Amino acid sequence: MSTLGFAMLVHEPLDRAAQVAQVWAEAGCPIVIHVDKVVPDPVYDAFVAGFADLPQVRFCARRHCEWGTWSLVAATQAAAAQMLAEFPEVRHVYLASGSCLPLRPTDALRDYLDANPKTDFIESVTTRDVPWIIGGLDAERFSFSFPFSWKRQRLLFDLWVGAQRKVGRHRPIPEGITPHLGSQWWCLTRQTLSAILEDPKRKLYERYFRRVWIPDESYFQTLVRLYSPRIESRSLTLSKFDFLGKPHIFYDDHLQLLRRSDCFVARKIWPRAERLYAAFLDDRISLAEAAEPNPGKIDRIFARAVEQRTRGRSGLYMQSRFPHWDWENGRTAAPYTVLSGFGDLFEDFPDWLSRVAECLTHGHLYAPERAEFAGGQEVFAGALSDSAALRDYHPTAFLTNLIWNTRGERQSFLFGPKDNQDIAWFLAADPNAHISIISGAWAVPLYHANRNFSELRETAAACQKIESACIDMLRSPQTKARVRIWTMAEFLEQPLERLGMLVEEIGMRNGRRLAEAPRLRPLDGFGQFLQNLKNQGMQPHLMGDFPAGFDPVEATRNAQKPYAVR
Amino acid sequence: MKAIERYRLRLQRKRFLVRSWRKSRALELAVDRTSGIRRGDVLCFLTLRNEQVRLPYLLSYYRDRGVGHFLIVDNNSTDGLREYLIEQPDCSVWTTNAGYKAARFGMDWMNFLLGRYGHGHWCLTIDADEFLVYPFCDTRSLPALTYWLQASAIRSFGAMLVDMYPKGPMDAQTYRAGQDPFEIASWFDPGNYTINRNRLYYNLWIQGGPRARVFFRDAPAKAPALNKIPLVHWDRRYVYASSTHALLPRGLNLVYDEWGGEKASGCLLHAKFLSTFAGKAEEELQRRQHYAGSREYRAYHDRLRDNPDLWTRWSERYINWRQLETLGLMSKGNWA
């Protein structure tokens, strides 16, 4: 007879559990099976009859098990006690469930345990050190009581927990034990297991653990610390839980992954994973004999899945990820540049910037007529339309879509007081937005416009009002964007250095030198234009100080030559 | 205020339930094979009208993915659809000549059948031109998905409608019965969708895609909704409130995460824009049995005269679900 015995907790569907039990029994291992009380008697009888020719398969008294309650521990105790009493040669008892699947031959597991005859394999860590505790109930599992069912009496459960939290309840923990937690699937030696089951203080501990939350993860895990000479704090069963405490499930397409893990048993398996059951039960493929279990790769895949479920992809808004304001963990997918005034001051500025800097520069994406995508395209990445109506229907989605769709290529666009301002606050609050403003530059196109002066004056007043509001907002403490604001006069003092700074920040396309400069629009007489506005009773203050005779021709002349920034 | 709102929605739900029973009197049983439904089967619910040409592929597509039984309302078809369905071994069929519009665009009939046969099952409610794509659908069946959903205590699964279209005019290639429609309509818009949250029903209101881009570019608010919740672990107290866009109780509509994470979701590939479309648009415009005075079909009609090409150089060609997930149209969530 075998030194390894299995205690199995099963409920419906029973056919897979039967298949697995059959395999273990045929390898000569005794099994004690606990079948949940919810299984109807005829089904149970048929299940038992299926093992008629295998005397080493026994069944223990049935009870109804409910997740999170003591009943699971009681069922385990019953099965384990029966195992120890009826099979005296058993040295290790392995606790398994009906949805467990052995990944390696039973002999390999037996050999492994024979090599570690005194070792208890049970995950057992103190609450302080467990990162995976779910639902905020960690230390509280042990200091509160949980008389209500989480599944059936959720309201009472929550109210009772809330009430205990309020009064700061602290149930006394029986003397001599330190609460430990861990996976409920363990493999213990006869010595340790019998010591737990025959402990004179068992009644006392039971009374305490009956009211602990999810005692199947803590009863044996705690008591094993009292008796075991050697604890290996890990489970031999590969069993992963997600962030809500629900088990990850294995399917046919995990076959290779499971094979390479070298684990002995995995759970939980989809009952209809035909290929998995066929591969691991019928074929009896033998693996490298002495391999240590190595679930690292599976761990990583499931960890990534949980990461996607809890953190998601930054900057993505979609049907199953629609975060509240400030919970986006990245309002947009990547950094981008917003330029105000540059298009007014320089000719063909977007083309120039696309050429020299590592970014694609659009025109005024929020222009009133249409979204001016780079190259005059009517449709852009992600099939975004240039229709102003579509864009203005949801200005923020337009931007977040654009940035998401162009991941990998940095975007910049022009913005100004004539554009749709609904996006402004979103820009200000987005740390990915790098905003550079030449304030007052909107006056340059007005200066060149062939329109009546009264009209120009009106437009100028409107632009100034909008831009000052925008600047005030960008200077507010809630702003998270990276903002740089020059008055037009400041900018024109050293236009080339400032442009160089901008390009360098985005990243230069070819090497470390600016090969060409954009062409400044003619500004001779601009000072007089501003003076005329003043004379008409409007005070243009955003462009800084331009004396009436100011004539920055020098700058333009310089700019036409190739030059180095430094 | 919250309590009043909740109570109002509760009343609305009850009204929908009563209404579905009332409207069910117009349903006439053609063939009942529901006794063949086994415990745990995934059921598929459909309202059809003159969709004979689509059915062979539709049925085989969902059979391959593990749907156990189809429950179908045939709304006055004249193209031999009924005769075809009656011969299928896994279809139960009801027929009716009553108005589609008067039955809230078929939803009353669906609600009735869902309540009567869907209780305790995972139920998929779709149209004849919608094909569900979900994470791992190339290696895992629908029952595998529903097993995980149930183990994770999730009751409803969202799948956004993705309009598929051909390159070139819609009538350039004729769709034949039994053909995979996405051999022709293999393109889609990868990233021009907008989302608003409905404060009352909690569902997301998604618009965009080629329909907004081409047919509603001047009136985007009127563009059709693309958000759908087609897969639900049904209870007889549930109802679909407006198409499959929203359910009651409204908690079922929370198929999205609001704290930065991603829940698992799929896509419904929408094979609407095929050679069959112009005829359909014309017919539906005559019947005037669609939502909001069939304004959607009016918009199509106006544009279809110049036979538009929905394709752009930024369209994506459909490959598989992983592509949709990379593009951010759907998500594995924490299903691995």
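Predicted, not measured: the structure shown is a model, and the values here were computed from it.
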Can you tell which part of [X] gets under 4.5 Å to a heavy atom of chain A, answering side chain, backbone, both or neither?
{"X": "B:Gln207", "value": "side chain"}
{"X": "B:Pro210", "value": "neither"}
{"X": "B:Phe188", "value": "neither"}
{"X": "B:Thr194", "value": "both"}

Side chain, backbone, both or neither: which part of [X] has a heavy atom under 4.5 Å from chain B?
{"X": "A:Arg304", "answer": "neither"}
{"X": "A:Lys240", "answer": "neither"}
{"X": "A:Trp270", "answer": "both"}
{"X": "A:Leu316", "answer": "side chain"}
{"X": "A:Asp253", "answer": "side chain"}
{"X": "A:His324", "answer": "both"}

Whether [X] side chain and [Y] backbone form a donor-acceptor pair below 3.5 Å:
{"X": "A:Asn401", "Y": "B:Tyr193", "answer": "yes"}
{"X": "A:Trp404", "Y": "B:Leu327", "answer": "yes"}
{"X": "B:Asn334", "Y": "A:Ala305", "answer": "no"}
{"X": "A:His394", "Y": "B:Ile195", "answer": "yes"}

Within the supplied structure, the quantity of interest is the number of heavy atoms (other residues, nucleotides, ligands) at a distance under 6.0 Å from [X] [atom1]; does it exceed 12?
{"X": "B:Arg63", "atom1": "CZ", "answer": "yes"}
{"X": "B:Arg10", "atom1": "CZ", "answer": "no"}
{"X": "A:Trp327", "atom1": "CH2", "answer": "no"}
{"X": "A:Arg407", "atom1": "CZ", "answer": "yes"}

State the [atom1]-[atom2] distance between [X] and [Y], to the nearest 0.5 angstrom.
{"X": "B:Ser141", "Y": "A:Asp252", "atom1": "OG", "atom2": "CG", "result": "9.0 Å"}
{"X": "B:Arg217", "Y": "A:Asp386", "atom1": "CZ", "atom2": "CG", "result": "5.5 Å"}
{"X": "A:Leu255", "Y": "B:Thr139", "atom1": "CG", "atom2": "OG1", "result": "12.0 Å"}
{"X": "B:Asn192", "Y": "A:Leu402", "atom1": "CG", "atom2": "CG", "result": "11.5 Å"}
{"X": "B:Trp259", "Y": "A:Thr310", "atom1": "CH2", "atom2": "OG1", "result": "14.5 Å"}

Nearest non-hydrogen partners of [X] and [Y], listed with the distance:
{"X": "A:Gln308", "Y": "B:Ser331", "result": "NE2-OG, 3.1 Å"}
{"X": "A:Asn329", "Y": "B:Gly260", "result": "ND2-O, 4.2 Å"}
{"X": "A:Leu390", "Y": "B:Pro220", "result": "CD2-CB, 3.5 Å"}
{"X": "A:Met318", "Y": "B:Ser265", "result": "CE-OG, 4.1 Å"}

For the interface with chain B, which of [options] has the highest count of heavy-atom pairs at distances below 4.5 Å?
{"options": "A:Ser387, A:Ala397, A:Gly330", "answer": "A:Ser387"}
{"options": "A:Glu378, A:Gln377, A:Glu328", "answer": "A:Gln377"}
{"options": "A:Ala389, A:Ala388, A:Ala383", "answer": "A:Ala383"}
{"options": "A:Phe380, A:Phe302, A:Phe250", "answer": "A:Phe380"}
{"options": "A:Pro247, A:Pro271, A:Ser314, A:Ala381", "answer": "A:Ala381"}

Let's test your reading of the structure: which of [options] forms the most heavy-atom pairs below 4.5 Å with chain A?
{"options": "B:Ala212, B:Ala223, B:Cys267, B:Ala221", "value": "B:Ala221"}
{"options": "B:Ser315, B:Gly266, B:Gly208", "value": "B:Gly266"}
{"options": "B:Ala264, B:Ala159, B:Ala219, B:Gly209", "value": "B:Ala159"}
{"options": "B:Glu316, B:Glu325, B:Lys332", "value": "B:Glu325"}

From the list B:Ile229, B:Ile206, B:Asn227, B:Leu329, side-chain contact (heavy atoms from CB on, under 4.5 Å) with A:Gln319 holds only for B:Ile206

Test side-chain contact (heavy atoms from CB on, under 4.5 Å) applied to B:Ile154 and A:Lys246, step by step:
CA-CA 11 Å; B:Ile154 300 171; A:Lys246 310 288 184 201; over 6 Å; no

(message) Determine whether the aromatic ring centres of residues B:Trp335 and A:Tyr251 are separated by less than 6.0 angstrom.
(response) yes

For a 4.5 angstrom cut-off between non-hydrogen side-chain atoms, does [X] reach [Y]?
{"X": "B:Glu258", "Y": "A:Pro323", "answer": "no"}
{"X": "B:Arg140", "Y": "A:Arg272", "answer": "no"}
{"X": "B:Arg313", "Y": "A:Val379", "answer": "no"}

Note to self: My understanding is that only one of A:Arg309, A:Arg313, A:Arg321 makes a salt bridge (charged side-chain N to carboxylate O under 4.0 Å, His left out) with B:Asp257; could you say which?
What the structure shows: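 Only one of A:Arg309, A:Arg313, A:Arg321 forms a salt bridge (charged side-chain N to carboxylate O under 4.0 Å, His left out) with B:Asp257, namely A:Arg309.
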
Could you walk me through whether B:Met330 and A:Ser320 satisfy the side-chain contact (heavy atoms from CB on, under 4.5 Å) test, starting with their C-alpha distance in whole Å, then the side-chain angles of each, then the deciding distance to 0.1 Å, before giving a yes or no?
CA-CA 7 Å; B:Met330 60 183 265; A:Ser320 53; over 6 Å; no

Report task. Over 60° means perpendicular and under 30° means parallel, so classify the ring planes of A:Phe322 and B:Tyr256, tilted if in between. Result ->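 Answer is perpendicular, since the angle exceeds 60°.
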
